[in-house]
Amino acid sequence: LGSGPEVAVFSVPSYACQRRTTLENHNTVLTDALSLLAENAELSDEDGRGVAFRRAAAVLKALPSAVMSISQLSGLPCLGEHSLRVIKDIWENGASSEVESTKVSERFKALKVLTGIFGVGAKTADRWIREGIHDLHQLQNSGQTLNRAQQAGLQHYDDINQPVTKAEACAIEEIVEKAVSSVLPGAQIILTGGFRRGKQTGHDVDFLITHPEEGREVGLMPKVVSWLEAQGFLLYQKTTRNSYLESKADGPGRPPSNMDRFERCLSIFKLPKMEKQGAKDSQNVTENYRRWRAVRVDLVVSPISQFAFALLGWTGSKLFERELRRWARYEKGMSLSSHALYDNNQRKYLRASSEEEIFAHLGLEFIPPSERNA
Ligand code: DCP
Ligand code: MG
């Protein structure tokens, strides 16, 4: 690795929402390392450190080529002392000792396994680990009471931890489309999340549902869920109702949290296996042979007046969303959520019927979904 002045110095703006980040990543060794440390921090209730590592990884993801020397990094934003130390370690020794020791640590491995259960977050996993539970076997023998989500999560653990393919996402889209058009003709659905950003796999499938006439979407979710249930497509579902209007009592521009308040259905789908997969599986041990597999699916219903905000908020990536909100607040004095954009200076909500308009309100160049992979 050279360090001569002949190597171009990279320059990127500091907010991820000011940058174009495609899925083409020229620095995967470095970003994988930083992402693992971010994940470990997030699982350890150290969100601040987690975001710092995520931001550092995102800067490297946005570079047009592989980093060849430390001098190229000098002008880059978001690379703190800790992240730089990790990068240097990888350069000098081929690997980061911190990353390698994290990977093999019992605590990290246990946190990964336990939070791999749908319905189990970092807090629950941490409590179980303190009680001596490190894996699924120990959990099952522990006598811990599991809620309905966790029971379903445990039951379908292997399926849910196997990445969802684009083909499976499309198959589910067809099913949901049929459900939605059966219960409310004219209603529209759109695939959001990672698949909208062009990813070929994901941990779940995210959909946004709306109707072009405001108000017609009210009561839609229970009908969609009933249709899916009657057709045998749901292994688990939990619907939470819309609570956005209630939250307005909290005052404009001060959302109680980053969580949005749409009517939302967290579900586990029973997806009939597709031809190719069925064929592959039939060679496996017969007791594992099933004609379906479990897939995590999120459904969200939005009124058309909030649709652009919901679409922007549900397309991700998570860091891109976080950066949009940070940009809005600190650079523009605005509050952005998946429901609305509030201008604290003008003391009014700014309407938008497309993502393009929201970027324009925020004074940002429009970044298409495929370039929001920060
Ligand atoms: N999101 C949100 N509020 C939530 C959950 C998610 O605003 N309570 C947003 C941020 C995510 C997007 O929705 O970018 C989709 O969430 P996922 O966790 O499914 O993330 P991805 O789809 O980007 O990743 P994956 O491909 O792993 O599913
Ligand atoms: Mg997703």
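Just follow the structure's listing: the first ligand is 1, and inside any ligand the first atom is 1.
- Taking only non-hydrogen atoms, the option from G194, G313, A169 nearest to atom 21 (P) of ligand 1 is G194.
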Problem set entry | R85 vs D89, salt bridge (charged side-chain N to carboxylate O under 4.0 Å, His left out): CA-CA, chis, key distance, verdict | CA-CA 6 Å; R85 197 187 331 134; D89 210 7; over 6 Å; no
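- Between R54 and the options E42, E39, E323, a side-chain hydrogen bond (donor to acceptor under 3.5 Å, both in side chains) holds for only E42.
- With hydrogens and angles ignored, the 3.5 Å screen pairs no side-chain donor or acceptor of E321 with any backbone N or O of K318.
- With respect to the Mg ion (ligand 2), D204 has OD1 as its nearest N, O or S atom.
- Distances from the Mg ion (ligand 2) to the N/O/S atoms of D206 are shortest for OD2.
- Checked by distance only, ligand 1 and S338 stay at 3.5 Å or farther apart across all their nitrogen or oxygen atoms.
- Considering both main-chain and side-chain atoms, T315 never comes within under 3.5 Å of ligand 1 through any nitrogen or oxygen pair.
- Under a 4.0 Å criterion applied to the non-hydrogen atoms of K199, ligand 1 contributes the atoms 25 (P), 26 (O), 27 (O).
- Between F269 and F233, the ring-plane angle classifies as parallel under the 30° and 60° cut-offs.
- For R296 and D159, the salt-bridge test fails: no basic side-chain N is under 4.0 Å from an acidic carboxylate O.
- With a heavy-atom cut-off of 4.0 Å, D204 touches ligand 1 through backbone and side chain alike.
- Near G316, the atoms of ligand 1 lying under 4.0 angstrom from a non-hydrogen atom of the residue are 14 (O).
- In R264, the part holding a heavy atom less than 4.0 Å from any atom of ligand 1 is the side chain.
- The shortest N or O to N or O distance between H203 and ligand 1 is under 3.5 Å.
- Checking Q144 against Q150 by side-chain atom types alone, no donor-acceptor pair falls below 3.5 Å.
- Each of the atoms 26 (O) of ligand 1 lies under 4.0 Å from some heavy atom of G202.
- Counting all heavy atoms, side chain and backbone alike, T31 lies closest to A57 at CG2-O, 3.5 Å.
- Scanning F320, F262, W314, F195 for the heavy atom closest to atom 12 (C) of ligand 1 points to W314.
- Close approach of ligand 1 to R197 is summarised as follows: ligand atoms under 4.0 Å from at least one heavy atom of the residue are 23 (O).
- In this structure, H26 and S65 approach most closely via the heavy-atom pair CB-C, 3.5 Å.
- H211 approaches G186 most closely through the heavy-atom pair CD2-C, 3.6 Å.
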